[in-house]
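Structure, as structure tokens:
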Amino acid sequence: MTTREPARSRQQRRQDALDRLENDADAWFATASADGEPCLVPLSFVLYEGDLVICTRRTNPTARNLTPSGRVRVTLGHTRDVVLIEGTAEPVTAEALTPAADAFAAKLVWDPRAEKPYVYLRVTPQVVQAWREVNELPGRELMRDGRWLDLD
């Protein structure tokens, strides 16, 4: 495969990833049930104080899968401009998330707080990677153990 553009610096990739997290409205969320059944769904999100806040029906597999393990993978972008996040998720009440729930409603023009079957989930990133093409695979890790790496 031929790479068309030069590799971005890691600082630029970090900024591009943060821009996507601030501006994109939807991402792919991947979870697995206790017996390993995968689930991949698009969900709307808002970035709030470094965490991704999502909302889904309490009975959906995404919400059920996060209860035992809390593990989730999130991807933004398409296959030639990927932001991949590995993190942990926990259910949070709307009352505990009031400022984040307000930000969610404002960004997405939808306020699920009045709809009882919905639950908020807070995803805390532990690993963030970003790359476009094969020339950006080296150094694609931008966050490890929940901390942004010092980038050269």
Side-chain angles (χ1 to χ4, degrees), residues 8 10-133 136-137 139-151:
R8 295 169 294 170
R10 291 176 72 208
Q11 294 94 338
Q12 186 61 54
R13 284 189 246 176
R14 177 179 170 174
Q15 186 57 55
D16 291 348
L18 289 169
D19 289 346
R20 288 205 88 123
L21 287 165
E22 284 290 335
N23 297 310
D24 285 11
D26 303 308
W28 290 97
F29 288 79
T31 60
S33 67
D35 64 354
E37 184 70 27
C39 176
L40 177 66
V41 295
L43 292 170
S44 298
F45 74 95
V46 66
L47 182 68
Y48 189 80
E49 295 183 348
D51 292 334
L52 284 77
V53 175
I54 64 174
C55 193
T56 188
R57 287 185 182 271
R58 191 177 309 276
T59 56
N60 281 353
T62 300
R64 290 193 322 265
N65 292 348
L66 290 174
T67 303
S69 74
R71 294 180 60 209
V72 63
R73 277 195 172 172
V74 181
T75 59
L76 292 95
H78 51 81
T79 58
R80 294 192 191 257
D81 190 4
V82 176
V83 176
L84 175 65
I85 300 167
E86 295 180 26
T88 56
E90 63 180 340
V92 184
T93 65
E95 296 77 29
L97 264 183
T98 298
D102 290 343
F104 184 94
K107 178 180 181 181
L108 302 165
V109 194
W110 173 55
D111 192 344
R113 287 178 278 197
E115 301 180 39
K116 293 296 181 200
Y118 285 88
V119 61
Y120 284 94
L121 302 167
R122 179 174 41 218
V123 176
T124 302
Q126 298 299 312
V127 174
V128 175
Q129 298 178 344
W131 70 93
R132 285 188 179 151
E133 303 260 357
E136 289 190 355
L137 290 177
R140 67 185 169 263
E141 190 169 63
L142 306 174
M143 177 187 281
R144 184 181 315 124
D145 299 325
R147 295 185 169 201
W148 291 103
L149 301 177
D150 290 330
L151 304 176

Is [X] reaching over with its side chain to a backbone N or O of [Y], donor-acceptor style, under 3.5 angstrom?
{"X": "Arg10", "Y": "Gly139", "answer": "yes"}
{"X": "Arg140", "Y": "Leu137", "answer": "yes"}
{"X": "Glu37", "Y": "Ser33", "answer": "no"}
{"X": "Gln126", "Y": "Thr88", "answer": "no"}

Note, [X] side chain near [Y] side chain (heavy atom, < 4.5 Å):
{"X": "Val123", "Y": "Phe45", "result": "no"}
{"X": "Lys107", "Y": "Val53", "result": "no"}
{"X": "Leu21", "Y": "Ile85", "result": "yes"}
{"X": "Cys55", "Y": "Phe104", "result": "yes"}

Indicate the atoms forming the closest heavy-atom contact of [X] with [Y], along with that distance.
{"X": "Gly77", "Y": "Asp24", "answer": "N-OD2, 4.5 Å"}
{"X": "Arg20", "Y": "Asp81", "answer": "NH1-OD2, 3.4 Å"}
{"X": "Arg58", "Y": "Tyr118", "answer": "NH2-O, 3.4 Å"}
{"X": "Ile54", "Y": "Phe29", "answer": "CG2-CZ, 3.2 Å"}
{"X": "Val119", "Y": "Pro91", "answer": "CG2-CB, 4.1 Å"}
{"X": "Leu66", "Y": "Ala89", "answer": "CD1-CB, 3.6 Å"}

What distance separates [X] [atom1] from [Y] [atom2], expressed to the nearest 0.5 Å?
{"X": "Thr59", "Y": "Arg64", "atom1": "OG1", "atom2": "CZ", "value": "7.0 Å"}
{"X": "Leu108", "Y": "Ser44", "atom1": "CG", "atom2": "OG", "value": "5.0 Å"}
{"X": "Thr31", "Y": "Arg73", "atom1": "OG1", "atom2": "CZ", "value": "12.5 Å"}
{"X": "Gln11", "Y": "Arg13", "atom1": "CD", "atom2": "CZ", "value": "9.5 Å"}
{"X": "Gln15", "Y": "Arg8", "atom1": "CD", "atom2": "CZ", "value": "11.0 Å"}
{"X": "His78", "Y": "Arg132", "atom1": "NE2", "atom2": "CZ", "value": "8.0 Å"}

Next on the checklist: Run the side chain to side chain contact (heavy atoms under 4.5 Å, CB included) test on Glu86 and Arg71 for me, step by step, so that the C-alpha distance in whole Å, both residues' side-chain angles and the decisive distance to 0.1 Å come before the verdict.
Outcome noted: CA-CA 8 Å; Glu86 295 180 26; Arg71 294 180 60 209; 5.5 Å; no

Checklist entry - For the side chain to side chain contact (heavy atoms under 4.5 Å, CB included) test, which of Val83, Leu84, Leu40 pairs with Thr75? => result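 Among Val83, Leu84, Leu40, the one meeting side chain to side chain contact (heavy atoms under 4.5 Å, CB included) with Thr75 is Leu84.
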
Item to check | CZ/Arg113: more than 12 non-hydrogen atoms of other groups inside 6.0 Å | outcome: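 Yes, the 6.0 Å shell around CZ holds more than 12 heavy atoms from other groups.
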
Item to check | SB check Arg147 Asp145 (cutoff 4.0 Å) | outcome: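 A salt bridge is absent here (no side-chain N lies under 4.0 Å from a carboxylate O).
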
Checklist entry - Would you say the side chains of Asn60 and Thr62 form a donor-acceptor pair under 3.5 Å? => result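 There is no such pair (donor and acceptor under 3.5 Å, judged by atom type) between the side chains of Asn60 and Thr62.
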
Item to check | Set of residues satisfying side chain to side chain contact (heavy atoms under 4.5 Å, CB included) with respect to Asp51, sequence neighbours excluded | outcome: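 For Asp51, the residues satisfying side chain to side chain contact (heavy atoms under 4.5 Å, CB included) (neighbours in sequence not counted) are Arg122, Thr124, Pro125.
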
